[in-house]
Amino acid sequence: MSPAKIKDTPTTAPQAQAATPAKRRFSLDRLVILDADGTTVDAFAAIADTFSHHGMQLGELAKFQKRRHLFKYLGGVKEIPNNLRKQLGKQQRKALIETLTQVYREEARLFPGIAELVQALIAAPRVRVGMVTRNITHQPVETLRSLFKRHGIDTGELDFVIHVPLRREKTEHFRATREHFEISPAWSYVCGDERKDFRAAIGAGMHPFMVSYGFEDHRHLMEKAGVPEELISDTPQELAARLLHALDLDA
């Protein structure tokens with residue numbers, strides 16, 4: 001029988017089975033939740049390409065990683081006036097999202113080694129693996145399907161792909177996914193690139209694997225979010241090695 005799938009759930013998380021801690025019987029499976037943008041997908045390059053199509057500049061990755069929230073997408077001091085002017089109108093924002101959707105589906109890339117990691121996780125016995133995304137493209141789950149297909153991966157073989165709206169917390173989705181598959185918190189892992197991924201993982205009782213090549217750099221993850229340095233991978237290859245080791249799949 002094929003693994004259970006969690007459908008795209010833009011407003012609701014999977015429903016967990018009710019059970020008291022004393023009576024809980026966990027599965028022998030392990031759980032891996034992969035953040036899409038910035039952890040598996042080179043989202044910065046895709047956004048930068050989108051901006052370029054509309055006559056805007058995003059600035060360097062190192063500076064982008066230091067900006068917070070919406071300021072990330074306004075650029076640096078030199079780029080802000082032009083970028084702000086071209087993002088104010090409703091039609092301008094609509095055109096940006098349409099271009100971003102096209103770039104993601106036709107041009108965006110996975111980070112080096114990520115395709116091989118995902119394929120290894122899909123093939124591994126007793127590993128439930130899927131993705132969580134806040135992607136703002138049109139039909140984000142379809143967008144990721146197209147992107148991963150270009151890299152030889154069928155997202156239908158994942159156990160779940162969940163789109164989390166911008167205003168919703170990831171914590172509830174992490175916890176509900178873990179409880180849906182009845183997996184022990186000790187055998188549950190989240191791979192993310194932002195402080196909110198770290199906090200959501202901890203809040204859901206799961207182990208975080210953090211990366212510094214996405215939306216936040218190494219120093220910001222440590223100093224602003226309090227992420228222990230031992231949990232931070234500076235390259236996709238390092239993330240893959242750590243995760244496969246934790247799952248006893250690195251032999």
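All values below come from the heavy atoms of this structure, side chains included, with hydrogens, waters and symmetry mates left out.
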Salt bridge Asp42-Arg109, side-chain N to carboxylate O under 4.0 Å:
no
Identify the heavy atoms of Ser188 and Ile183 that sit nearest to each other, and give their distance.
OG-CG2, 3.5 Å
If I compare all heavy atoms of Lys170 with all of Ala200, which pair ends up nearest, and what's the gap?
CB-CB, 3.9 Å
Identify whether Val190 and Ile162 are in the same connected component of the hydrophobic contact network (ILVMFWY, side-chain heavy atoms under 4.5 Å).
yes
Under 3.5 Å, side chain of Asp49 to main-chain N/O of Ala46, donor-acceptor pair present?
no
Result for side-chain contact (heavy atoms from CB on, under 4.5 Å) between Phe215 and one of Asp35, Asp193, Thr39, Leu61 points to Asp193
Kindly work out whether a path of hydrophobic side-chain contacts (I/L/V/M/F/W/Y, heavy atoms less than 4.5 Å apart) joins Leu117 to Leu247.
yes
Taking the side chain as C-beta and beyond, is there a heavy-atom pair between Phe148 and Val41 under 4.5 Å?
yes
Partners of Arg105 by side chain to side chain contact (heavy atoms under 4.5 Å, CB included), sequence neighbours excluded?
Thr101, Gln139, Glu142, Thr143, Ser146
Quick one: does any side-chain atom of Gln65 pair with a main-chain N or O of Ser212 as donor and acceptor, under 3.5 Å?
yes
Is Arg134 reaching over with its side chain to a backbone N or O of Leu166, donor-acceptor style, under 3.5 angstrom?
yes
Between the OG1 atom in Thr155 and the CG atom in Leu147, the distance rounded to the nearest 0.5 Å is 10.0 Å
Output the distance between atom CD (Glu216) and atom NZ (Lys66), rounded to the nearest 0.5 Å.
11.0 Å
Would a 4.5 Å heavy-atom cut-off, applied to side chains only, mark Glu169 and Lys196 as touching?
no
Compare all side-chain heavy atoms of Val118 with those of Leu158 and state whether any distance is below 4.5 angstrom.
yes
Can you tell me how far apart CE (Met222) and CG (Asp217) are? Round to the nearest 0.5 Å.
11.0 Å
Check whether any side-chain heavy atom of Ile33 sits under 4.5 Å from a side-chain heavy atom of Met206, and report yes or no.
yes
Rounded to the nearest 0.5 Å, how far apart are CG of Leu244 and CG of Leu121?
6.0 Å
Looking only at heavy atoms, which two atoms of Met131 and Leu144 are closest? And how far apart?
CE-CD1, 4.3 Å
Minimal heavy-atom distance between Leu249 and Ala124, with the atoms involved, is CD1-CB, 3.6 Å
Would you compute the distance between atom CD1 of Ile232 and atom CZ of Phe198 and round it to the nearest 0.5 angstrom?
8.5 Å
For the student: nearest non-hydrogen atoms of Leu231 and Arg242, plus distance
C-NH1, 3.5 Å
Do other residues, nucleotides or ligands put more than 12 heavy atoms under 6.0 Å from the NE2 atom of His245?
no
Using a 4.5 Å cut-off between side-chain heavy atoms of Ile, Leu, Val, Met, Phe, Trp and Tyr, which other residues end up in the same hydrophobic cluster as Val103?
none
Any side-chain to backbone donor/acceptor pair from His151 onto Leu110? Under 3.5 Å, distance only.
yes
Report yes if some heavy atom in the side chain of Asp37 is under 4.5 Å from a heavy atom in the side chain of Tyr104; otherwise report no.
yes
Please confirm whether the backbone N or O of Gly156 pairs with a side-chain atom of Arg145, one donor and one acceptor, at under 3.5 Å?
no
Report yes if the side chains of Tyr213 and Pro236 come closer than 4.5 Å at any heavy-atom pair, otherwise no.
yes
Exactly one candidate in Phe51, Phe111, Phe64 meets ring pair (Phe, Tyr, Trp, His ring centres under 6.0 Å) with Phe44; the answer is Phe64
Are Ile114 and Val129 joined in one hydrophobic group, where the rule is that I, L, V, M, F, W and Y side chains link up if heavy atoms are under 4.5 Å apart?
yes
Taking all atoms of both residues into account, what is the closest heavy-atom pair of Arg30 and Pro125, and its distance?
NH2-O, 3.5 Å
Heavy atoms, side chains only, cut-off 4.5 Å: are Ile122 and Ile153 in contact?
yes
Once the angle between the rings of Phe181 and Phe160 is folded into 0 to 90°, is it parallel (under 30°), tilted (30 to 60°) or perpendicular (over 60°)?
tilted
Kindly indicate whether the side chain of Arg195, heavy atoms from C-beta on, has any atom under 4.5 Å from the side chain of Val227.
no
In one Ile/Leu/Val/Met/Phe/Trp/Tyr side-chain cluster, 4.5 Å: Met210, Val32:
no
Starting from Val161, can I reach Tyr189 by hopping between I/L/V/M/F/W/Y residues whose side chains sit under 4.5 Å apart?
yes
With rounding to the nearest 0.5 angstrom, report the NE2 to CG distance, His54 to Leu96.
5.0 Å
